[in-house]
Structures are given as C-alpha cells and as structure tokens.
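Single-structure report; data block below.
Residue numbers start from 1 in every chain, and the chains themselves are labelled A, B, ... in the order their sequence lines are given, proteins ahead of strands. Reckoned from all heavy atoms, side chains included, excluding hydrogens, waters and symmetry mates.
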Amino acid sequence: MILPLHARLRSQITSVIQSLYDLGTESIPPIVVEQPPNRRFGDLAVTIAFELARRLKKPPRLIAQEISEAAGDLKEFGRLHPTGAGYLNVFLDRAALTRDGLGKPQPAPQTQALKIIVEHTAINPNKAAHVGHLRNATLGDTLCRLLRFRGTSVEVQNYIDDTGVQVADVVVGFRELEHQNIEDIKQLTDKPGFDYYCWDLYARVTTWYEENDNRLSHRRTALEDLEHGIDPSASIARIVTDKIVRCHLNTMARLDVEYDLLSWEGDILRLAFWDRAFEVLKSSGAVFLQQGGRLSGCWVMPIGDTAVEVAGDEESDLDPETRLKVIVRSNGTVTYVGKDIAYQLWKFGLLGLDFNYRWFGRQPSGRPLWATSSDTTPNSAKQVPPPAFGHAEGVYNVIDTRQSYLQDLLAQALEAMDHPLAAERSVHFSYEMVALSRATAQALGHLDLTLDNGKPFVEVSGRKGLGVKADDLLNQVTDRAESEVSSRHADLSPETRREIATQIATAAIRYFMIKFSRSKVIAFDIDEALSFEGETGPYLQYATVRARRILEKLENRDGIELHNRLEELASTSSDSLTASAGDGLWDLILESSRLDEIAEQSVRSLELSTLAKYTFGLAQKFNGFYHSSPVIGEPNAGTRLWRAAGVKIFATQMTKALQLMGCQVPERM
RNA sequence: GCGCGUGUAGCUCAGUUGGAUAGAGCAACCGCCUCCUAAGCGGUAGGCCCCUGGUUCGAAUCCAGGCACGCGCGCCA
C-alpha cells in the first residue's frame with residue numbers, strides 16, 4: 001500500500017524546503033505526489049517546485065534543482081531527480097517494496113469511533129426494481145465498502161416510502177380495478193412475481209386516471225387513509241409494501257447489496273417525529289406562517305438563492321413568494337421536505353426522539369437486518385436488542401440529481417435550525433439517471449418511431465411501466481454467463497457453473513453501473529450490458545482468475561509458497577525489476593500497490609468510476625505481462641520467483657479491489 | 001426566464017482538484033491458440049478536446065461571454 005510511503009516522502013521534502021527557504025509550515029503548499037507518465041522518469045513525481053515558483057519568484061526548474069541538491073540522499077527514497085520543467089522524481093527500492101507487498105497483510109486501519117450513515121436504494125415499495133435503482137444501490141453499496149475499507153464505521157439505511165402516492169396508487173388499483181379484498185391480496189403475495197404483478201397494475205392505474213380526471217379523488221382518499229392508518233387501505237398497503245420490500249431485498253441480495261436498517265416513513269408519521277421537528281423549526285425561526293397572498297396559511301421556509309442575493313436589485317417582476325418553500329400546507333399536512341427534515345435530524349441524533357425497532361430478518365451473508373417500528377410494546381426479553389441506530393457524525397444521501405434542489409433545502413433547513421455542522425456533513429451523493437438507449441427502447445417496444453424526437457435516449461418511467469426490470473436484467477446476464485461457462489468448462493458440475501455464472505453476472509452489472517462518472521446519464525444498452533469483453537467486470541475477474549491459476553500451479557509443481565520465500569527473495573538478484581527487463585513486472589507491482597491511494601481519491605471526490613478505471617487499467621497491465629512473461633515456464637529460478645511475487649501481489653490487490661466493487665473472483669472462468 | 005449539469009476519435013467514455021507525447025473500450029481492418037485459460041494479446045486507421053476571448057512559465061482542465069443538449073424550479077413525492 002502506497003499511501004504511507006507518500007506520507008514519508010512528503011514529510012522529508014517538507015523539511016528540506018523548510019531548511020532551504022524562509023517559509024513557515026503553513027505557507028508550504030500541499031505536496032502532491034503523482035505518477036510520472038513514463039516509468040523512465042521515475043516511480044513517483046512531486047510537483048512542489050511548480051507550486052513554489054510563484055511564491056519564490058523563481059523558475060520551477062531552478063527550484064527543483066535547489067531542492068534536489070539540498071536533499072542529497074533521502075532515507076528510503078535516495079536522490080530527487082529534477083527533470084522536465086521542474087519535476088522532482090524518485091526511484092523506489094523496488095525489491096523492498098515487492099517484499100513488503102508479499103508480507104503479512106497489514107492490519108486493517110482502526111475503525112474510527114465516528115459513524116457515517118449512508119442512505120441508498122429507497123425504492124418506492126409499489127413495484128419491481130428497475131435498472132435505475134440498480135445504479136443507486138450499486139453506487140451506495142460501493143461507497144459503503146470504500147468507507148469501511150478506510151476504517152470508517154458505516155450504517156446503511158434504506159428508506160421506505162410506504163405512505164406516498166405511488167403506494168396509494170397501487171392500493172387504488174387493487175381496490176378499484178381489481179376489486180380484491182385483503183385475503184385475495186395476501187394469496188397473491190404468496191405467489192412468485194408479486195413485484196412484477198404490481199409493476200403492471202401501477203401502469204394500468206396511471207392509464208385509468210388519465211381516462212378520467214375525477215378518478216384522482218380515489219388517490220387522494222387512499223393517501224389520507226395511509227397517513228392516518230384507516231382500513232382497508234392501510235392494511236392493504238402494509239401487506240403490499242412488506243412483500244415488495246422483500247422482493248427488492250432479494251433483488252439487491254443477488255448483487256450482494258445489504259443493509260442495516262429499513263426506515264419506514266409510516267413510523268416517522270406515527271411517532272410524531274414531524275411534530276417535534278416542527279417545534280424546532282418554529283422556535284428557531286427557520287419557518288414562519290405566511291399571511292396573505294398566494295401561500296396564505298402555509299408554514300414556509302425562505303429559500304436562500306445566492307444568485308438572487310448577489311444581484312441585490314429590486315427584481316420587481318419576480319414574485320417574492322417563489323423564494324418560499326411550503327413546509328406545511330394550509331390544510332395542516334406536512335410536505336415531503338418536512339418529513340425529510342425530521343428524518344435527517346434523527347440521523348444526526350438531533351431530534352430528541354427515537355424509533356422502536358423490530359427484527360426484519362437475516363440477510364444471505366448472515367448480517368442482521370432491522371426495521372424501524374412504531375410499536376411501543378417492549379421487545380420480548382428473549383430477543384436480541386437492536387444496535388444503537390442513528391447519532392451519526394456524517395450522512396451521505398445517495399439520491400439522483402433531480403432531487404438536488406430538495407437536498408439543498410434540507411441542508412439549508414439544518415443551517416437555519418442552528419446546526420451548521422450537520423448541514424455541512426449532510427452530503428448529497430448525486431448521480432444522473434439511467435435512461436434506455438434507442439436500440440434497447442426499440443427492442444422493448446418503447447420507441448415509437450412515428451413520434452421519434454431524435455433524442456439519444458429514452459427516459460425510464462415507472463409510472464408508464466417503461467423500463468428494464470432489475471431481475472430481468474440479472475436473469476439475462478446470468479443465463480448468458482452460464483452458457484459461456486458451460487462452453488468452456490463442461491467438466492464442472494451444473495451447480496458450480498451456475499454459481500460462477502452468478503458471480504460473473506454480478507460483476508458485469510455492478511461494473512457497468514460504476515464505470516461512468518456519476519454526472520453522466522447512462523443510456524442503458526442491453527447488448528452492451530451483456531458483453532463480457534473489453535472494459536467489463538468479467539474482464540477484471542478473468543485477469544484475476546488467470547493470476548490465481550498461475551500461483552496455484554506453481555505451488556503444486558514447485559511448492560512455491562511466496563510468503564515463506566521472503567528471505568530467499570532478499571538474496572535473489574532483483575534485476576527482473578529493472579526497466580531493462582522490459583516486461584512490465586515492476587509497473588504491475590507498483591500499480592497494484594496504489595489501491596489505497598485510489599480508494600481515498602474515490603471517496604474524496606465521490607467519483608467511484610475512479611476505482612473502476614484504476615482496476616481496469618491494472619487488469620490490462622497484468623494481461624500484457626501475462627502474454628509477454630511466462631512464469632511457470634521461466635527457466636531462470638530468480639526471475640521466476642520475482643515474477644511469481646508480482647503475480648501474487650497483483651492477485652491480492654485485485655481481489656480486494658473487486659471486493660470493494662462488490663464482486664467476487666470465480667474459481668474458474 | 002432562473003438554477004444545476006454535460007459537450008474530447010464513427011459510437012460509449014477516461015483524462016489523477018493547471019503539468020511531461022490527449023488515452024481506453026466498442027465498431028472497422030491486419031495478425032497471434034504445439035506455449036501459465038483467445039472472456040485474451042499485438043498492430044493499423046481514426047482528434048479545430050463545441051466556439052471566441054482572457055489569466056500564466058504552461059490550459060482539454062481555471063475565468064468571462066456565446067452555442068447545443070439534458071435535468072430541475074408545485075400547498076407532488
């Protein structure tokens with residue numbers, strides 16, 4: 001792992017600069033350590049001379065020279081080589097770093113006491129999950145893995161909006177279109193495919209509303225019934241949402257996505273979280289009662305629009321009310337933003353109220369899953385007590401970019417309630433939506449060429465039933481993988497082939513969801529997602545499997561177990577690691593060691609594609625090495641040993657990187 | 001109208017918070033399975049980094065102004 005090395009290099013250079021120039025510690029700019037574009041320049045590059053050029057009013061090239069001369073031979077790094085316009089490059093002790101990489105795995109970074117809550121998935125529990133939800137869950141889950149990798153303790157929450165319009169619509173569907181009673185619906189939930197059934201029903205309800213506007217009154221009634229727990233609608237909703245949530249959990253489990261807590265909106269209502277939040281909002285002056293005008297009788301929050309404030313002009317044509325956000329309607333009901341404020345306060349432990357909790361089930365990995373509850377009867381003594389949820393130091397809300405405006409309001413509300421720290425630590429992890437490529441939309445019969453507007457993609461719409469269901473996609477990809485595995489490894493048992501196919505499918509889908517920048521709309525293309533060649537998850541797995549097979553065979557033939565051969569490596573000529581060896585072995589080792597640096601960068605920028613691109617590039621390096629440099633067949637014992645060491649380091653780091661992306665390494669491919 | 005985002009090879013996208021020769025994948029074309037798995041590798045071809053100006057040792061990257069596209073802006077969630 002390379003970050004500690006960076007830190008040591010930085011501190012040594014800092015002392016050199018301090019002794020050389022009259023600069024306080026604070027006025028030394030941060031020392032950036034980069035990768036030189038070409039290995040012949042060095043193993044690491046430092047750009048500090050460029051940073052200092054302005055301050056010292058000297059050319060960077062000269063500064064680099066001065067630093068290099070003053071530094072002499074640095075401990076562990078040797079000379080600083082001034083090159084180019086002012087880079088300072090170092091060559092590392094390659095043999096030592098390679099031996100370190102093989103040594104006992106370093107202890108995981110200590111878990112910090114502070115806890116981070118990550119909220120993701122949050123699918124309306126009224127229909128099957130689709131590809132857009134997969135992007136959310138994959139990003140959210142990968143973020144959690146990265147945070148834990150860095151030693152942060154993470155609590156994963158999945159928000160269940162069980163009292164919203166979408167659920168109300170499906171309730172209306174069961175009652176008004178299907179005329180089903182509670183018993184009928186219960187029977188339906190016992191059959192497979194209930195989420196698919198609701199997918200269609202939801203689309204039918206939408207059409208049914210469109211045929212006659214008066215029918216929308218059914219939605220209003222149902223919505224009120226849900227909020228106030230009035231049967232039969234409330235009971236129907238409870239049965240439907242419980243089943244759909246379990247369907248979603250099953251879908252996500254297929255991608256190795258798990259949670260700690262399901263937060264049900266209904267509990268927020270029943271436990272009167274909102275009432276408490278409302279008191280705080282009022283007493284802090286964050287909201288006020290609007291009198292007169294269009295919003296008369298509403299409790300509103302002023303929206304801080306910096307652009308408007310800076311302009312400062314009278315803006316006479318701009319309605320001042322457009323800068324007010326309604327939090328409580330004139331009929332006394334609370335809006336979505338209001339409920340969200342209450343929930344966010346609870347996450348930080350700032351609400352002064354807590355949920356009750358109920359056991360929801362054990363997930364495939366064995367991890368317990370809890371759900372919030374508003375049942376006040378105490379848990380039976382036999383039951384395990386729930387962990388302490390909430391009270392986070394920071395919160396990531398993984399929600400698509402269309403909700404940026406609302407997420408912004410949320411932070412503003414916290415600020416207005418005199419919780420600036422919580423506001424600052426409420427991070428909206430935003431990402432663009434998943435749409436359908438033209439080809440895929442057409443294949444699904446969703447692209448009407450007569451109405452073709454020439455857009456490069458077609459937006460998914462759950463309301464219209466337009467989209468690719470997550471389980472359909474998973475099934476297709478898994479089947480495809482299974483036939484590939486079968487054609488290559490007929491000797492494996494059907495169970496093993498299926499298991500491998502599942503691992504491949506997971507990697508294919510998860511990698512696909514991670515590899516794009518979060519600010520890019522994904523035009524989902526089924527053929528692209530089904531491909532296992534080029535920049536795909538299976539490519540990464542394949543490289544890792546190959547590396548493992550080499551090590552396996554080597555152990556069987558030569559009995560080489562690398563961690564037992566460290567001393568032998570120390571006394572073996574490391575010529576294989578020099579540039580003149582020309583096989584990219586050292587490049588492979590150095591690049592493998594950068595995983596911690598990349599993980600750090602990915603979290604800092606919330607750009608998980610960085611991790612994906614790095615892992616892909618690393619796999620490419622290995623494949624190049626694989627073709628140029630035989631390991632088992634290498635006659636020179638020393639060269640063979642060093643190469644084996646490189647393969648081992650690669651396999652170890654690659655396995656970790658894949659784990660971070662929620663992917664496993666199949667035993668064969 | 002206002003806000004946010006995007007514009008890089010035929011297509012889909014990277015480009016390390018201003019750095020060394022702008023890179024991948026797909027598609028196209030040409031090669032490589034007696035050799036650790038060809039889900040692989042090598043090679044060829046393909047670029048006014050949307051436009052114009054500015055900032056400086058240096059700009060695809062930062063600033064200003066345009067252009068194009070997407071999303072958001074409700075007493076919906």
Side-chain angles (χ1 to χ4, degrees), chain A residues 32 34-38 41 45 47 50 53-54 59-61 83-87 124 161 163-166 223 265 290 294-300 303 305-308 317-318 322 325-331 333 335-337 339-340 400-406 408 430 432-433 435 437 455-457 459 481 484-485 488-489 504 515-517 519-523 525 527-528 531-536 538-539 541-543 545-547 549-554 557 597-598 601 604-605 607 609-610 612-614 616-617 620 623-624 626-634 647 668-669:
Chain A
V32 178
E34 325 186 312
Q35 300 296 310
N38 189 308
F41 290 128
T47 56
F50 296 107
R54 203 153 309 166
R61 167 95 209 174
T83 27
Y87 291 92
N124 271 299
D161 182 4
T163 55
V165 182
Q166 295 212 15
L223 197 53
E265 182 170 274
Q290 177 77 348
R294 188 166 53 84
L295 302 177
S296 185
C298 297
W299 286 86
V300 297
I303 298 168
D305 187 339
T306 45
V308 173
D317 53 338
L318 194 68
T322 59
K325 177 68 194 173
V326 173
I327 304 296
V328 179
R329 304 183 188 102
S330 52
N331 67 4
T333 57
T335 63
Y336 163 82
V337 191
K339 282 180 268 190
D340 234 31
D400 79 71
T401 183
R402 287 174 291 194
Q403 298 216 38
S404 294
Y405 177 65
L406 279 320
D408 213 41
S430 74
E432 265 291 355
M433 60 176 176
S437 76
K455 282 191 185 182
F457 50 78
E459 198 170 345
E484 292 285 334
V485 173
R488 286 156 215 254
H489 303 289
I504 292 172
K515 75 173 181 176
F516 303 98
S517 288
S519 59
K520 282 281 201 320
V521 175
I522 295 182
D525 189 86
D527 290 330
E528 208 183 324
S531 162
F532 301 153
E533 287 167 18
E535 198 199 337
T536 65
Y539 176 94
Q541 291 174 311
Y542 187 61
V545 168
R546 279 175 146 182
R549 289 287 281 178
I550 292 175
L551 297 167
E552 216 177 283
K553 291 194 173 179
L554 215 48
R557 195 196 70 176
E597 179 192 347
I598 299 298
Q601 191 185 324
R604 204 175 50 235
S605 60
E607 191 51 87
S609 62
T610 305
K613 299 288 176 186
Y614 160 77
F616 174 60
Q620 276 184 313
N623 276 331
Y626 181 91
H627 280 275
S628 72
S629 317
V631 180
I632 295 173
E634 168 58 40
V647 173
R668 301 252 220 104
M669 270 183 85

Measure the spacing between CG of A:Leu223 and OG1 of A:Thr333 and express it to the nearest 0.5 Å.
9.0 Å
Could you tell me the Watson-Crick or G-U partner of B:U61, where both distances fall under 3.5 Å? Say none if there is no partner.
none
Is the glycosidic torsion of B:C33 within 90° of 0, making it syn, or is it anti?
syn
A:Ser517 side chain near B:A14 phosphate (N/O to OP1/OP2, under 4.0 Å):
yes
Measure from the side chain of A:Val165, starting at C-beta and using heavy atoms only, and say which of B:U37, B:C41, B:A77 lies closest.
B:A77
Testing B:U37, B:C75, B:G40 for proximity to the side chain of A:Leu295, the answer is B:C75
Using a 4.0 Å heavy-atom cut-off across all strands, classify A:Glu607 as base, sugar-phosphate, or nothing.
nothing
Beyond-backbone contact of A:Leu406 with A:Tyr336, side-chain heavy atoms, under 4.5 angstrom
yes
When you compare the side chains of A:Glu607 and A:Ser609, does any donor N or O come within less than 3.5 Å of an acceptor on the partner?
yes
Any base atoms under 4.0 Å from A:Val521, or only sugar-phosphate, or nothing? Heavy atoms, all strands.
sugar-phosphate
What's the closest nucleotide to the A:Thr83 side chain, out of B:G72, B:G70, B:A20?
B:A20
Which of B:G15, B:G40, B:A39 is nearest the side chain of A:Pro538? It is B:A39
Using atom C1' in both nucleotides, what's the gap between B:C13 and B:G47 to the nearest angstrom?
15 Å
Polar side-chain contact A:Ser330-B:C75 base: donor and acceptor under 3.5 Å:
yes
If pairing requires Watson-Crick or G-U wobble contacts with both distances under 3.5 Å, which nucleotide is the partner of B:G42?
B:C30
Counting any heavy atom closer than 4.0 Å, what does A:Pro59 reach on the DNA or RNA strands: base, sugar-phosphate only, or nothing?
nothing
Classify the nucleic acid contact of A:Lys520 as base, sugar-phosphate or nothing, counting any heavy atom under 4.0 Å across all strands shown.
sugar-phosphate
Could you tell me how far apart A:Gln403 (CD) and B:G3 (P) are, to the nearest whole angstrom?
22 Å
Sugar-phosphate, base or nothing in reach of A:Thr335, heavy atoms under 4.0 Å
sugar-phosphate
In terms of side-chain heavy atoms of A:Arg329, which of B:U16, B:A77, B:A24 is nearest?
B:A77
For A:Arg668, report the nucleic acid contact type (base, sugar-phosphate, nothing); a contact means any heavy atom under 4.0 Å.
base
What is the nucleic acid contact for A:Gln166, judged by heavy atoms within less than 4.0 Å: base, sugar-phosphate only, or nothing?
nothing
Heavy atoms only, 4.0 Å cut-off, all strands: where does A:Asn124 land among base, sugar-phosphate and nothing?
nothing
When you measure from the side-chain N and O atoms of A:Tyr542 to the phosphate of B:A39, is any distance below 4.0 Å, counting only OP1 and OP2?
yes
